[in-house]
Student: 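Input: one structure, supplied below.
The chains referred to below are lettered A, B, ... by the order of the sequence lines, with proteins before strands, and numbering in each begins at 1.
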Protein chains: 2
Amino acid sequence: MNIGEASKASGVSTKMIRYYESIGLIKAPLRTESGYRVYSDNDVHALRFISQARDLGFSVEQMGSLLALWRDRSRASADVKSIALEHIRALDEKARALQAMSKTLRHLADHCHGDDRPDCPIIEGFAAAAAPTPKKRQPRFGVTGITPDRAHAN
Amino acid sequence: MNIGEASKASGVSTKMIRYYESIGLIKAPLRTESGYRVYSDNDVHALRFISQARDLGFSVEQMGSLLALWRDRSRASADVKSIALEHIRALDEKARALQAMSKTLRHLADHCHGDDRPDCPIIEGFAAAAAPTPKKRQPRFGVTGITPDRAHAN
DNA sequence: ATAATCCTTACCACCATTGTAAGGTCAAGG
DNA sequence: CCTTGACCTTACAATGGTGGTAAGGATTAT
């Protein structure tokens, strides 16, 4: 299986497959005479694993630990479990934060008339809410799906 | 107010303030004789607005639209509302996915012996789960709080 | 044989953010 | 008045993931 097929089979772009290899997240596969990477079903498996974990919000770095455990089957499954539990906690926490955001937003939206009067509390809420938060910003979040109408246009 | 004070007052780093200015998200402030940026309370307000929106997961691009609405109070609040609603939807969806993930992980963890036998189903579950998802990857998520033990070490 | 499609590497761009370096400015204290 | 330290200025690099592009070789299909 060459990289294109592996990509299709795993849902990971060829770009990212090579990238993951380059940072040592996956091991360098064998090559054909002519230098083509050759992947096994197992590799695809790993890629799908990665894709999955990525979707779950694991950073590439975090996946390193997970993958290490996966690869080295002799590692104690207790390790896996504890890592997983830690992730679960982080996951839940993130979901909670997300819902809090949603709730805040919804609350504001509920009090926004939705007509053409410019006194929508969403914006006031935004502007007024936060105490100067000197907390270090988390890695960005990007809940996409909003069409900005004039961003960067200045 | 110079940039440092504005930063402290708004919770936005001086770096980012300059960055936001450079991409036109905020307007270039007046300068002193010697070139120092001078900010007003209003500017701090806007910065806090940005900080807030950022925390809620709006991308800088998205904030462009929000900010435009904020600045131009005559714009229909319906615009704001629809943007917010769309964001809420995305937020909820993400939270849902996160919880599904957490649930899966927890389920797997529950069936992981936690001893030193290497047949922990977490990893198998991960690897097996996803159908090849050719969906374009969302901006990353960053469920932080896990210490990778050997990432990148290959 | 040739064309189309794939592969390879090597770059560059993006976003949001932080860091660093080299220099100018300001306020306080000696 | 001069030094010191904290601030400001710009400019440039790096980060993590990801996408794009280009130049050249390999494979496949016609």
Student: Tell me the interatomic distance from B/Ile17, atom CD1, to D/dC8, atom P, rounded to whole angstroms.
Tutor: 9 Å

Student: Tell me, do B/Arg89 and B/Asp92 make a side-chain contact under 4.5 Å, heavy atoms counted?
Tutor: no

Student: Please state how far atom CG in B/Asn2 lies from atom C1' in C/dA27, giving the value in whole angstrom units.
Tutor: 12 Å

Student: Given atom CD of B/Glu21 and atom C1' of C/dT17, what is their separation to the nearest angstrom?
Tutor: 17 Å

Student: Applying side-chain contact (heavy atoms from CB on, under 4.5 Å), name anything that partners B/Glu21, two or more places apart in sequence or on another chain.
Tutor: B/Ile26, B/Ala28, B/Pro29, B/Arg31, B/Arg37, B/Tyr39

Student: Please name all residues satisfying side chain to side chain donor-acceptor pair (under 3.5 Å) with B/Thr14, sequence neighbours left out, ordered by chain then number.
Tutor: none

Student: Categorize A/Ser13 for me: base, sugar-phosphate, or nothing, with a 4.0 angstrom heavy-atom threshold over every strand shown.
Tutor: sugar-phosphate

Student: Side-chain contact, heavy-atom cut-off 4.5 Å: A/Val44 with A/Ser10?
Tutor: yes

Student: Would you indicate, yes or no, if C/dT17 has its OP1 or OP2 atom less than 4.0 angstrom from a side-chain nitrogen or oxygen of B/Tyr19?
Tutor: no

Student: Using atom names, set out every protein N or O paired with an N or O of nucleotides 9-12 of chain D below 3.5 Å, distance rounded to 0.1 Å.
Tutor:
residue: D/dT9; atom: OP1; partner: B/Arg37; partner atom: N; Å: 2.7
residue: D/dT9; atom: OP1; partner: B/Arg37; partner atom: NH1; Å: 3.0
residue: D/dT9; atom: OP2; partner: B/Arg18; partner atom: NE; Å: 3.1
residue: D/dT9; atom: OP2; partner: B/Arg18; partner atom: NH2; Å: 2.7
residue: D/dT9; atom: O3'; partner: B/Arg31; partner atom: NH1; Å: 3.4
residue: D/dT10; atom: OP1; partner: B/Arg31; partner atom: NH1; Å: 3.3
residue: D/dT10; atom: OP1; partner: B/Arg31; partner atom: NH2; Å: 3.0
residue: D/dT10; atom: OP2; partner: B/Arg37; partner atom: NH1; Å: 2.9
residue: D/dT10; atom: OP2; partner: B/Arg37; partner atom: NH2; Å: 2.9
residue: D/dA11; atom: N6; partner: B/Lys15; partner atom: NZ; Å: 3.2

Student: Take atom CG of A/Leu47 and atom C1' of D/dT18, then tell me their distance rounded to the nearest Å.
Tutor: 16 Å

Student: In whole angstrom, what separates A/Met1's CE from C/dC7's C1'?
Tutor: 16 Å

Student: Find the distance A/Ile26:CD1 to D/dG17:C1' and express it as a whole number of Å.
Tutor: 14 Å

Student: Rounded off to whole Å, could you give me the CD1-to-C1' distance for the A/Ile23 and D/dG17 pair?
Tutor: 9 Å

Student: Test of understanding: with side chain to side chain donor-acceptor pair (under 3.5 Å), list the residues that count as partners of A/Thr32, not counting sequence neighbours.
Tutor: A/Ser34

Student: Does B/Ser22 have any side-chain contact (heavy atoms from CB on, under 4.5 Å) partners at least two apart in sequence or in another chain, and if so, which?
Tutor: B/Tyr19

Student: Would you mind reading off the distance between B/Glu33 atom CD and D/dC7 atom P, rounded to a whole angstrom?
Tutor: 23 Å

